[in-house]
Peer 1: 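Provided herewith is a single structure, encoded as structure tokens, for subsequent inquiry.
As the structure is a computational prediction, the values presented were derived from the model and not from experiment. Chain A is the first sequence line, chain B the second, and so forth, proteins listed ahead of strands; every chain is numbered from 1.
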Amino acid sequence: MTQEWIALSIVALNLFWLLRRFYRGHLAEPLSQWFLKHGRIKWAMQVRQHRSVQSGCDQCKN
Amino acid sequence: MKTTRLGQLEVGQKGRIVRVGSDADSPDWVQRLMALGFLEGSVAEVVHQAPFGGDPVAVRVRGTLLALRRQEANAVEVVQYE
Amino acid sequence: MNETQSLQKVSAQKGSSQVRAKAPVLKTIALAGNPNCGKTALFNAITGGRAKVGNYPGVTVERKEGRVRTPSGVELRIVDLPGTYSLDAKTPDEIITRDVLFGVDERVEKSPDLLIAVADATQLERNLGLVLELRKLGRPIVLALNMMDIAEQRGLDLDLEVLSQELGVPIVPTVAPKQQGVSALLLAVEKKLDDEALAIPVAIFQSTPDEIRNRFSEVDRILNLATRKKSSPTVWTDRLDRIVLHPVWGSLILFCVFGLMFQTIFNWAEIPKEWIESQVQGLGQLVDQLMAPGPLKSLLTDGVISGVGSVIVFLPQISLLFLFILFLEDCGYMPRAAFLMDKWMGKVGLHGRAFIPLLSSFACAVPGIMATRTIENRRDRLTTILVAPLMTCSARLPVYSMLIAAFIPNREVIGPFRLQGLVMFGLYLAGIFAALGVAMLLRSTVFKGPKPMLLMELPTYKWPDAKSIALGLFERARLFVARAGTVILSISILLWFLSSYPRPPQGAVEPAISYSYAGKIGQGLEPLVKPIGFNWKIAVALIPSFAAREVMVGSLATVYAVGDQKEGATELLGDRLARDWSLATALSLLVWYILACQCLSTLAVTRRETNSWRWPAVMLIYMTTLAYLGSFVTYQLAMYLGWG
């Protein structure tokens, strides 16, 4: 069972990492703009800090 | 002096520019041409042309080699020499 | 320094909002100059950074920022602006430059304190025009006279003192690729910054034809005074172009250049590829021997090693692809290719200059889409953006390569050209034709408009700088491996989980994987993809690959590895698939890959560049439909031909 426990923990951590990366890369920006539009300035600023600005494709140089 | 259009020149021919842009051309386009070096008095030489139709052409003006279509080049009026 | 640091933190947190500074703030220097004057190379030399340096117009489409320390220790912020021929801006990227220089761009926190005007010493008759315009702005300027080595080789002899006097700006000769003149430049910058204490109000002006004429007469006048000896004309470039742009030879060269590119990707990459394959297999066997059977072992062998390993083996091929692309871009060939292709581009209603962003898309559509900022007409730009993803990007290479290697025999066809390389070439061509076809359709319906203008510079050929190519290549390779080690690893782990759980109940008859989440999803999707020849495993692997297409290889590897019940099997994915699939299925998947939109990043950048959700949605929908139709036709045709 220990093998399984380790494996599943890895999967769980991995999922968390994947979701976080997706959020920071693609969701945070539109979300903060949505907040701005609906008047929640503080939340918009908070979420804005979560942005990780990737130039998009990992294969490119910008 | 007989003037002709830059777009009518063949490869290897040169012309001295007398006028950039006719009334038919948009002023934006004319200004862009001028900013790139197509000015009255400058020499423009047709250096290359594209295969299968000879359009577009490569023109050297003021030390720069520019590619443009013959139709676009016709906006430039030149006096041919040599 | 502490204050500056905390100010930096605040400004970073607040994003692009204005920062009011009370104490010494970093001064901002902006680099401005004509396209192709070596501005970006100079930027790299100054900042020690490694941005891309290309030798064709329109490469720098986004401003780049860096930090530099002058010889006396003052830290400066330096910004590289897109190249522009004149402040009379037409294209979106020129407008960016103009706005920053005039100080109206809100994306820059403050307008530049000093300008480094960069001019190509071999093309002063044109380059000085912009310098004079910049002078009119009223900001402090230092002129970097770049490419001095080439100019001197051609016999140019300038009296720099006279030139400096006439222009009214300090001049520093530089040779950017060799980092010469950088310290002198920084010293001049520092001195100028110290001299001008107050910022003079910037004059915003519009160009008129008369003004342009005057500008260039002034340029001529100054050059006449300052030139002791003129440089002899560029002979080599014209000679080369006579062949490269020749009606017969030119097209042949174009064909061969790209054909050979794909051929060598197969041949030259073979040995390193096989080496990596054997290492991956060896690793798999090692784990197999060392660990007891169990979920963790399965995670490692079927998930991690299979998944990541199957993608990593393509590192040599990707590197070779990028080597070619970087070389071609750097030496100046790309505008010639655009020149040759303009006729066809014009026929489908595309900008001749649109070919260059499309060529960039061979590496990755994202910078290609960003490069469309050089296109002024909105409709042309949208058309180009929408078809850019059809240009075969480097992420498709692993999938193409694996399927071709597994299903296409390596027969000789003509001379050095073998069937595998030719099929690869064919796939790339198919992408190009698809892009042109869709463009034609768009331009004759939705984006109807006048045929766009072509006005494109053909820069002089130059020997690519080996160092910058090597750096660029290393960076790409590093990014590829990093991506494999992060995103692909992540998805492989997830997919392993979804394919292994829930475990089959006691006494189960079918293979374990049918009972898993992945199995269930796949079985659910199977009726949808059966007409195009995909089995449920492909359907499952397709899901993550919608986000990033290169993941497909790893996903297939994982799903098949988990599905194959034999323990300790470390078969190569290609061999496994060759056993399981028909040629028809493989061809169908190849066609799908040519046409499908499988890149979240592309959609994201499309949204950013068009400022709406509509266009990425359109892109996704039309490409998916096209892909389905294409796969359908391919599969049915192949089955009809008996390749099932």
Side-chain angles (χ1 to χ4, degrees), chain B residues 6-7 10-14 16-77 82, chain C residues 34 36 84-88 90-91 120 122-127 129-130 133 206-209 211-213 215-217 219-220 231 233-234 237-238 241-242 244-251 254 335-336 338-344 346 352-353 376 451-460:
Chain B
L6 182 58
E10 292 301 329
V11 175
Q13 295 182 331
K14 294 189 212 177
R16 184 173 294 278
I17 301 178
V18 292
R19 186 182 157 165
V20 181
S22 56
D23 303 311
D25 297 308
S26 82
D28 275 350
W29 171 245
V30 172
Q31 254 187 254
R32 193 153 179 68
L33 283 173
M34 292 178 80
L36 278 164
F38 286 98
L39 291 164
E40 292 90 353
S42 304
V43 175
E45 179 186 355
V46 176
V47 189
H48 306 286
Q49 69 179 10
F52 308 122
D55 200 3
V57 287
V59 176
R60 176 163 284 122
V61 63
R62 286 194 143 249
T64 308
L65 194 57
L66 290 163
L68 65 167
R69 306 216 174 98
R70 283 188 186 275
Q71 188 206 4
E72 299 160 3
N74 280 335
V76 180
E77 215 176 310
E82 182 241 26
Chain C
N34 280 188
N36 287 310
T84 182
Y85 291 109
S86 145
L87 288 181
D88 190 21
K90 293 284 181 298
T91 65
D120 178 353
T122 60
Q123 302 217 318
L124 282 174
E125 300 103 320
R126 195 195 72 221
N127 276 230
L130 180 64
E133 275 187 284
Q206 287 275 32
S207 289
T208 67
E211 193 259 311
I212 300 179
R213 291 189 190 99
R215 193 194 314 158
F216 279 105
S217 335
V219 168
D220 288 338
S231 64
T234 56
T237 297
D238 286 345
D241 273 334
R242 226 166 290 159
V244 169
L245 298 178
H246 190 273
V248 178
W249 296 119
S251 317
L254 184 65
R336 272 82 184 174
F339 186 76
L340 288 170
M341 293 292 290
D342 180 65
K343 182 160 191 242
W344 310 106
R353 273 188 301 156
E376 59 258 33
K451 190 168 138 175
M453 311 279 205
L454 167 77
L455 189 54
M456 177 180 68
E457 187 187 341
L458 296 173
T460 47

Peer 1: Only pairs of heavy atoms separated by less than 4.5 Å count here; which of B:V47, B:L33, B:L36 has the most with chain C?
Peer 2: B:L36

Peer 1: Hey, could you give me the CZ/OH distance between B:R32 and C:Y85, rounded to the nearest 0.5 Å?
Peer 2: 7.5 Å

Peer 1: Report which part of B:L66 has an atom under 4.5 Å of a heavy atom belonging to chain C: side chain, backbone, both, or neither.
Peer 2: both

Peer 1: Could you measure the distance from the CZ atom of B:R69 to the CE atom of C:M456? Nearest 0.5 Å is fine.
Peer 2: 9.5 Å

Peer 1: Which one of B:A67, B:A50, B:G41 has the most heavy-atom pairs closer than 4.5 Å to chain C?
Peer 2: B:A67

Peer 1: With a 4.5 Å cut-off on heavy-atom pairs, point out which of C:D88, C:D238, C:L340 contacts chain B the most.
Peer 2: C:D238

Peer 1: Among C:E133, C:R213, C:Q123, single out the residue with the greatest number of heavy-atom pairs under 4.5 Å to chain B.
Peer 2: C:R213

Peer 1: For C:S217, is it the side chain, the backbone, both, or neither that has a heavy atom closer than 4.5 Å to a heavy atom of chain B?
Peer 2: neither

Peer 1: Is the backbone N or O of B:G37 less than 3.5 Å from a side-chain atom of C:R126, with the two atoms forming a donor-acceptor pair by type?
Peer 2: no

Peer 1: If you count heavy-atom pairs within less than 4.5 Å of chain C, which of B:H48, B:Q71, B:R60 leads?
Peer 2: B:H48

Peer 1: Write down the atom of B:R62, the atom of C:F216, and the distance for their closest heavy-atom approach.
Peer 2: NH1-CD2, 3.4 Å

Peer 1: Determine the option with the most heavy-atom pairs under 4.5 angstrom with chain B, choosing from C:V248, C:L245, C:D241, C:T208.
Peer 2: C:D241

Peer 1: Relative to chain C, which segment of B:Q31 carries a heavy atom at a distance below 4.5 Å: side chain, backbone, both, or neither?
Peer 2: both

Peer 1: Once rounded to the nearest 0.5 Å, what's the spacing between atom CG of B:L68 and atom CD of C:E457?
Peer 2: 12.5 Å

Peer 1: To the nearest 0.5 angstrom, please state how far the CG atom of B:L39 sits from the CZ atom of C:R215.
Peer 2: 9.0 Å

